[in-house]
Amino acid sequence: MWKRKALKKKVRSSIRKSYWKMASVCFIIAVLTTAYPISTTFINLQTAPGPQLSDTAFAPDHPNSEVISQTISFFMEGAPLSGLSGSTAANISRLIIDLHSTNISAFFTVLRAVNTFLTDSPGMAALLVAAGVVFAFLYQIFISNILQVGEKRFFLEIRSYRQTPVSKIFFLFRLCCLVHPAWVMFCRSVFQTLWNLTVIGGVIKYYEYIMIPFILAENPKISRRDAFFLSKQLTQHNKWKLFLLDLSFAGWKLLSILTLGFLDFVIVNPYMTGCYSELYLTLRRNYVLSRSPRYERLNDSYLEHVPSEDELLISKALYDDSQGPYTKTTYFAPEQYPMFLFSVQPPLRAVRSPVRPDRRYDLCSYILLFYSFSVFGWLLETLIYLIRDGAFVNNTYFFGPWLPMYGIFGILSLLLTKRLTRKPALVFFADFFIYSVLEYILNLISDLILGHPFHDYSEFFLNLNGRVYMGSSISFALLGCAFLYYLAPTWTDLFMKAGRSKRIALCIILCVLFAVDAALTIIVAFS
C-alpha cells in the first residue's frame, strides 16, 4: 500500500538534498526531448501573431497551432483555428496546442510534410521533407525516448546515491544498449497512440504503461512482453490512485502555465518525476517481496540496497571480467552506484578512459577546434531545419559549410569556463552569459554596418532589443557544456593522433580557406 502524502514527504526530503541535480536533469530533458512541453513555453513564446521572422534554427518558424490550422484548412472550409482568427476561442485553442507540444516532434514534422506535399509539386523539396520525417522519427526513437529512460535511471539512483552524476541520463549510450530499449519505447508509443483513439481506453492505458520507462531503466534487456506485463501488474488496482496523484499536481501545473512554464523548470518537473520514481520503487519492492510472476526480471537490488565498502571489495574480488570490462577502468566512487555490478555491461570496445575537460590545449588545438565547432554548428542547424521544416536551409553568410559564431563561442567557453569544470551549474550560467553578450555585440555591429542584425528576435517574448533571445542562449549554454565536457577533449585526442606537422599543415589550410571565404563574402555583401 502507498499513500500520496507519505510519498510526497519522502520526495520533498530527497529534493532538498539534491535539488540542483534534479532540476538540471529535468531541464536538459525538457530541452532535448518532448517529455515536458509546457516547460519550454516561456522560451518560445511569440509576441506577434503569424509566422515568426527569426532566422535561427533554435527558434520555430511557425507555431504548432498554425501547422495544425493549415493542415485542417486543406481538407475543410473554415479551419477551427484560422477561421476564427483573433477570437477568444481561437486564441485559447492555439494556446492549448502550443502548451502541450514541442517544436521538434515526429508528429508535427509529418504535418509539415503533408502541408508541403499539398501546396508544392513533387520534387527536391518533397524529398527533403521526406528526409526530415525520417530524421524526426529516428530522433524520437533513438534519442528522445532513450534520454527519457536515462532520466528515470538518474532519479532511481539519486534516491540512495547522493553523488549520482547528471551524465547518468546518457547511461544507455555508454552501455551501447540502444536498440532494445528503443524498440520497447517505440511499441509503447504506438500502442498508446492507437488506444488514444478510443479516448477512455487511452487514459486507462496511459496509466498502465506509465512504469515501462522505469522498468527499462532498471533492466534495459527486459523483453517487450515482460516490460508491458510488469507495468500492468505494478499499476493493477492503482490506476485510480495514479490519477489522483496527477490530479494533486493540478495546482502546480496551473501556476506553471501562469508563469509560462518557468515554474515547471524550477519546481514542478523535479517534484513530479521524483514522486513517480519513489512510487515505482515502492510498487517494485512490494512486487518482488511477494514473489509475483516474473519478479526476477526486476533484478537491480542495488537501487535500494546500498552495498558497504566491504561488500564492494568482495564483489570486485569475485567479479568475472568475462562478463564485463568495467573493473579495468573504474573505481568505487563514494555515494555512486557501482556500475560494474549492473546487469548490463558495455562491450570492451566501448570502454575508454574518461575524458578530461580540464586538459590543456595548445594553439593548434584551439585553431582546429574553432573550425570544428564552426562546421559542427552548420551541420547541427542544417539537421534541425531538415527535421523541423523538411527544408535545406544554408543558414550562413559564408560560402563554406561553417558558422563562425559556434567557433567563437566554443573557444570563449573553453577559455573562460575551464576552471569551473567541477561545477556544471556554474558552467551553464557562465556559457549563457557569454553567448548572450557575444550575440548582442555581433548583432549590434551588424545592425550598425549592414542596417540589420544577423538574427532578429524582436517577435519573441524574452528578447533584449531584438538582438538576444533566451531560447538561443539556453541552447548555446547546453552546447557550451557539451563542448567543454566532451566534444573538445574528444576531438583534441583525435587531432593529437595526426602528429604535430600534419596538424600545423591542416591549420594553415583551414585558415587560408576561411580567409578567402571571408573576403568573397565581404565583396559580395558590399557589391
Pairwise side-chain contact, [X] with [Y], heavy-atom cut-off 4.5 Å (strictly under):
X: Asp431; Y: Phe483; result: no
X: Ser231; Y: Tyr207; result: no
X: Pro338; Y: Pro307; result: yes
X: Pro220; Y: His180; result: no
X: Phe155; Y: Leu281; result: no
X: Leu478; Y: Ile28; result: yes
X: Leu147; Y: Ile143; result: yes
X: Tyr139; Y: Leu383; result: no

Would you confirm whether [X], through its side chain, and [Y], through its main-chain N or O, come within 3.5 Å as a donor-acceptor pair?
X: Ser290; Y: Tyr287; value: yes
X: Lys21; Y: Thr164; value: yes
X: Ser189; Y: Met185; value: yes
X: Ser256; Y: Trp252; value: no

*Taking side chain to side chain donor-acceptor pair (under 3.5 Å) as the test, write out the residues that go with Arg291, two or more places apart.*
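Result, side chain to side chain donor-acceptor pair (under 3.5 Å) vs Arg291: Tyr295.
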
*side chain to side chain donor-acceptor pair (under 3.5 Å) involving Gln236 - partner list, sequence neighbours excluded*: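 Scan of Gln236 (side chain to side chain donor-acceptor pair (under 3.5 Å), adjacent residues dropped) gives none.
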
*asked:* Applying salt bridge (charged side-chain N to carboxylate O under 4.0 Å, His left out) as the test, list every pair that has at least one member in residues 199-214; sequence neighbours left out.
replied: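 Only Lys205-Glu208 qualify under salt bridge (charged side-chain N to carboxylate O under 4.0 Å, His left out).
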
Does atom [atom1] of [X] have more than 12 heavy-atom neighbours, drawn from other residues, nucleotides or ligands, at distances under 6.0 Å?
X: His237; atom1: NE2; value: no
X: Tyr19; atom1: OH; value: yes
X: Phe186; atom1: CZ; value: no

Looking at [atom1] of [X] and [atom2] of [Y], how far apart are the two atoms once the value is rounded to the nearest 0.5 Å?
X: Leu255; Y: Thr259; atom1: CG; atom2: OG1; result: 7.0 Å
X: Ile222; Y: Asn299; atom1: CD1; atom2: CG; result: 8.0 Å
X: Cys26; Y: Glu151; atom1: SG; atom2: CD; result: 5.0 Å
X: Asp300; Y: Leu341; atom1: CG; atom2: CG; result: 9.5 Å
X: Leu279; Y: Ile210; atom1: CG; atom2: CD1; result: 8.5 Å
X: Leu245; Y: Trp240; atom1: CG; atom2: CH2; result: 12.5 Å

Can you list, pair by pair, the side-chain donor-acceptor contacts under 3.5 Å of residues 265-278, counting residues two or more places apart and other chains?
from	atom 1	to	atom 2	distance (Å)
Asn269	ND2	Ser39	OG	2.7
Asn269	ND2	Asp264	O	3.2
Tyr271	OH	Arg12	NH1	2.9
Thr273	OG1	Tyr36	OH	2.7
Thr273	OG1	Asn269	O	2.9
Tyr276	OH	Asp246	OD1	2.7
Tyr276	OH	Asp246	OD2	3.2
Ser277	OG	Thr273	O	2.9
Glu278	OE1	Arg159	NE	2.8
Glu278	OE2	Arg159	NE	3.2
Glu278	OE2	Arg159	NH2	3.4

Between [X] and [Y], which heavy-atom pair has the shortest distance, and what is it?
X: Leu312; Y: Phe340; answer: O-CZ, 4.1 Å
X: Glu218; Y: Arg153; answer: CA-NH1, 3.8 Å
X: Val166; Y: Val25; answer: CG1-CG2, 3.8 Å
X: Ile29; Y: Ala35; answer: CG2-CB, 3.9 Å
X: Tyr485; Y: Lys423; answer: OH-C, 4.1 Å
X: Leu303; Y: Ser160; answer: O-OG, 3.1 Å

*Can you name the ring pair (Phe, Tyr, Trp, His ring centres under 6.0 Å) partners of Tyr161, sequence neighbours left out?*
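With neighbours one apart ignored, the set is Tyr337.
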
*For side-chain contact (heavy atoms from CB on, under 4.5 Å), just list the numbers for Phe214 and Val149, CA-CA rounded to whole Å, side-chain angles, deciding distance to a tenth of an Å, and then say yes or no.*
CA-CA 7 Å; Phe214 292 97; Val149 174; over 6 Å; no

*For Asp226, what residues pass the salt bridge (Lys or Arg N to Asp or Glu O under 4.0 Å) criterion, not counting sequence neighbours?*
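Only Arg294, Arg297 meet the salt bridge (Lys or Arg N to Asp or Glu O under 4.0 Å) criterion with Asp226.
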
*Given side-chain contact (heavy atoms from CB on, under 4.5 Å), test Tyr457 with Met470 step by step and report yes or no.*
CA-CA 10 Å; Tyr457 302 117; Met470 179 173 283; over 6 Å; no

_Tell me whether the rings of Phe191 and Tyr209 are parallel (<30°), tilted (30 to 60°) or perpendicular (>60°)._
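Judged by the thresholds at 30° and 60°, the geometry between Phe191 and Tyr209 is tilted.
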
*Option from Phe428, Tyr469, Phe429, Phe476 for which ring-ring contact (aromatic ring centres under 6.0 Å, His included) with Tyr435 holds*: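 That would be Phe476.
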
*May I have the step-by-step check of side-chain contact (heavy atoms from CB on, under 4.5 Å) for Ser248 and Lys8, ending in yes or no?*
CA-CA 11 Å; Ser248 68; Lys8 291 182 176 181; 2.7 Å; yes

*For Tyr280 and Leu298, what are the C-alpha separation, side-chain angles and deciding distance, and is it a side-chain contact (heavy atoms from CB on, under 4.5 Å)?*
CA-CA 11 Å; Tyr280 170 75; Leu298 303 175; 3.6 Å; yes

